[in-house]
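Single-structure report; data block below.
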Amino acid sequence: MIIGLIILLLKIAAVLVFISLTVLFLVYAERKVSAHFQVRYGPMRVGWHGGLQMIADTIKLLLKEDITPKDVDKLVFFIAPILCFVSAYLAYLTLPFSPQIVVKNLNIGLLYILGVTSLTVLSLMMAGWASNNKYALLGGFRSVAQIISYEIPLVLSVLPVVMMAGSLNLITIVEAQKSLPFILVQPLGFLLYLTAAAAEANRAPFDIPEAEQELVAGYNVEYSGIKFSMFFLAEYVNMFTICALAAILFLGGWQGPILPPVIWFLIKVYLLVFVLMWVRWTFPRLRIDQLMSFCWKILLPLALANFLISGLWLVLK
Amino acid sequence: MDLAQDVFRYVEKMPGGNLILTTTDSLFNWAKANSLWYLLFGLKCCAIEMMAAGASRYDLDRLGLMFRASPRQTDLMIVAGTVTAKMAPRIRTLWEQMAEPRYVIAMGSCAITGGAFFYDSYAAIKGVDEVIPVDVYIPGCPPRPEALIEGILKLQEKIKKESLTKR
Amino acid sequence: MNDLKNLKTEEYFLSMGPQHPSTHGVLRLILKLDGEIVTGATPDIGYLHRGLEKIAENRAYIQIIPFTDRLDYLSSMSGNLAFVLTVEKLAGIAPPPRAEYIRVIMAELNRLASHLIWLGTFSLDLGAVTPFLYCFREREKILDLFEMITGSRLTYNYMRIGGVAADLSAQFIKDAAAFIQDFKFRVAEYEALLTQNPIFLARTKNVGIIKADKAIAYGLTGPMLRASGISRDNRRDFPYAIYDKLSFDIPAGTVGDCWDRYAVRVREMRESAKIVEQALSGLPEGNFKTKVPLSLKPPAGESYAPVESPRGEIGFYLVSNGTAKPYRLKIRTPSFCNLSIISHVIKGWKVADVVAILGTFDVVLGEIDR
Amino acid sequence: MTEEKKISREELLATGENIKAQYNFLVFITAVDYPERNVIGMVYHLRSLGNRDTLIIKIDLPREKPEIASVAGIWPAAEWHEREVFDLFGVNFLGHPDLRRILLPPDWEGSPLRKDYTKPGVIKRPETIK
């Protein structure tokens, strides 16, 4: 039993290390990708092609003064970034990178991931409220409205996959795509999922909670140093999560010829990450009411229709 | 910062401890120097050159400079333009909102001395250093983006000479 | 339901600026908000007021030219041009024809550079970062052209009373012509990124409408006025330099919303490119400057010569008492008048729209505050 | 065509009402200080968008107590211009909807564009062009 516990702890630690490295790489990749879209180079001076840039940034952020402004709600202000990071991190405990590489294979894995990632909204709201800053408050409100609304089409868009695989277990879902990935039977579902998930993770063009040009930095406007870095990292962790989930649910997870499963999995995830970055650096940002009506008037009916048709098809088959 | 300073105060007292201190110093200084996030804040003409320096041809991002709109998350404030009597208290507030370690670059003659508005102007302040401490001065009206980059390199040199125990 | 009725809500104030990513400098807007909806707005300007009009009273005429650069720093040439035209009108000096052509070429190239910055920052305000950098890429090429002649990237100090400071080189004429050819394709590139983008349309169409009568009442000029459907352009209405010899269109909008203001400016860029092309091909030989004494003493009197800057009508109202220094110099700047309508336009829109609407105003705080 | 008119301050509002249909565009309002005549001269620069005529209205105000009716009701554009003149010349506009300092901080003392304005710390530029 103790050995099992130690192994579990080691696995958790490994996931933590993996996430940290991934996030560092994602931030670096985003800066590089955006730079190349914009006929620039991006970080070049620190390490080979700026490879160590993120390490410098991290050390600097840890060294920065950690300001707690005078009139904030100190406890909530303190907890919010931790909650944000933890909820982003928790999803990885059941995310399978290959049939073997998974911390804990849960039968309700999908439900669990959808559940813990939704916790983020709580932390954003807390940060916005506790900061005692109107920009932060607006950002907090926006994030609540946005994330809770997009939760619905998000769940509805993955339900057909669950029906087809007949399980909430992520490994089983991947196994069910042995013959053909679900994206081929559920193309609409995939697009719906990716859109809703991008909104869920506050990715542009849905990044209105921290819309820099409107709300300066939104909910994290008063955060500095290590607390800010938690928000910053959690955003990228979430981005990786939604892409990983998309790869598992629609792209056949780690399945692929020749290469080892983990590599296949990472290739698919990073491809989706690149798509998200591509979208972010191309499109303008939506307005809050347009965002909401887009969710309720377009995404939701489409998701419902998709759900209904998939269900009928499964029954009649 | 505070915790780190406490720890290293003891380290320095130990014989041979200076070695550790210098290595951490150089690591920390390397990180600080290469990750100067600057405040998205411009006053006048120089701000346009600052934008140009961030854009494709000059690309401050190469040096690890990234802009943030919130002063809490920035390390560097580039005062680009004339400081006026009405603006001076706001600049002071912004500087106070920034988290330590923070640096200030006075960009352009106006921010250094008032520049063209040194004589006869009833509203311009004669240099931003009347309001906040300045680390690097970049002359020019406005300075070219190359000059701004040179100033940033000078600031990086300055940061690399810092020490955790004495600042 | 009962609980909702008893729920107390209140309006609150949001201070936007002077340091805010989207106020284009040091403009401050005090917004009164009901949730996200703006119910009132008070602009607060003057954070860059340096007292240029007072400084000018203690300067010789030629010494004022550098200050006109620092008014509208995005299009210094217009400021230069307006001032030297005013002095020339008062003193009765006629510049040689070559100088007139050079002035037009420079002013129009500067209009391109200014509109490029506007387009970039406007798309940035809407959250699209990449067009901003594309615009700056082309702007750098224009600045290279300016640098070749004036030696400066931003504040040129190029126009002189009675001509210009330096002649155009053959290399400049060649490079400028090549740039204009290239630029036409680049405009198409920006339009591909923005004009028909559904998010962009949703953010700009029918947002921040300014009706024609309102636009006139508040003294709007330039693209702001033209977007409301009134075709007024000082280049055509009060022709100066050689504009009456050139053929160009005055684009105008119909609705007066953000999209119209965007479209007018983008079409103006094409027109400016056309003007530069014509002026370059028609450039006459000859002198580029007439001899004017350093301490010019224009006769007592007053003059006003309006010029169409990228933002609208810029003009210097000059009162002279016959000495070497102006007795009074009032600067009528377009952004100042354009901005005065803002509190009426943004009422009822959302915070995000404030940013979009302000973006289409294309304000430069240097000339608002003087 | 440019026309210039010199009227007294009492006539301003009536004149404005009469001409506002033709001269519908206010270009600017400003003032010029003439200490030797003990007068602040107001200048209203109007334009007709129809036939591009220009009308300049000039009004002399006493320097000690410069007061004049606001034309913000006739040309809304006047609102900011009048605030600016109030700010820099100390001219009081009666009936102005929101007469506050516009460019200078609210606690500023004096009217900087008057010829006799001085402020400690302002250095006069030495003459370089004779």
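This is a predicted model, so every value here is computed, not measured. Each chain gets a letter, A, B and so on, in the order its sequence line appears, and its residues count up from 1.
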(message) Quick check against the 3.5 Å criterion: does C/S15 have a side-chain atom that pairs as donor or acceptor with the backbone of C/I30?
(response) no
(message) For C/V355, which atoms come within 4.5 Å of any heavy atom of chain A: side chain, backbone, both, or neither?
(response) side chain
(request) Select, from A/I288, A/L286, A/L137, the one with the greatest count of heavy-atom pairs under 4.5 Å involving chain C. (result) A/L286
(request) Identify which part of C/T130 has an atom lying under 4.5 Å from any heavy atom of chain A, answering side chain, backbone, both or neither. (result) both
(request) Scan C/T195, C/T204, C/D257 and name whichever one has a side chain to side chain donor-acceptor pair (under 3.5 Å) with C/Y262. (result) C/T195
(request) In plain terms, say whether C/E36 and A/R287 are close enough for a salt bridge, that is, a side-chain N and a carboxylate O under 4.0 Å apart. (result) no
(message) Strictly less than 4.5 Å between heavy atoms, which residues of residues 133-146 of chain C line up against chain A? Please order them by number.
(response) C/L133, C/Y134, C/R137
(message) Taking C/E191 first and then C/R267, would you say they form a salt bridge - that is, a charged N and a carboxylate O separated by under 4.0 Å?
(response) no
(message) Is C/L33 in contact with chain A via its backbone, its side chain, both, or neither, using a 4.5 Å heavy-atom distance?
(response) side chain
(request) Quick one: sort the A/H36 and A/Y41 rings into parallel, tilted or perpendicular, breaks at 30° and 60°. (result) perpendicular
(request) Just say parallel, tilted or perpendicular for the rings of C/Y190 and C/F183, cut-offs at 30° and 60°. (result) perpendicular
(message) For A/F190 and A/F250, take the angle between the two ring planes, folded into 0 to 90°, and tell me which bin it lands in: parallel under 30, tilted 30 to 60, perpendicular over 60.
(response) perpendicular
(request) State the CG-OG1 distance between C/N197 and A/T282, to the nearest 0.5 angstrom. (result) 9.0 Å
(message) Less than 4.5 Å to any heavy atom of chain C: does that hold for the side chain of A/Q290, its backbone, both, or neither?
(response) side chain
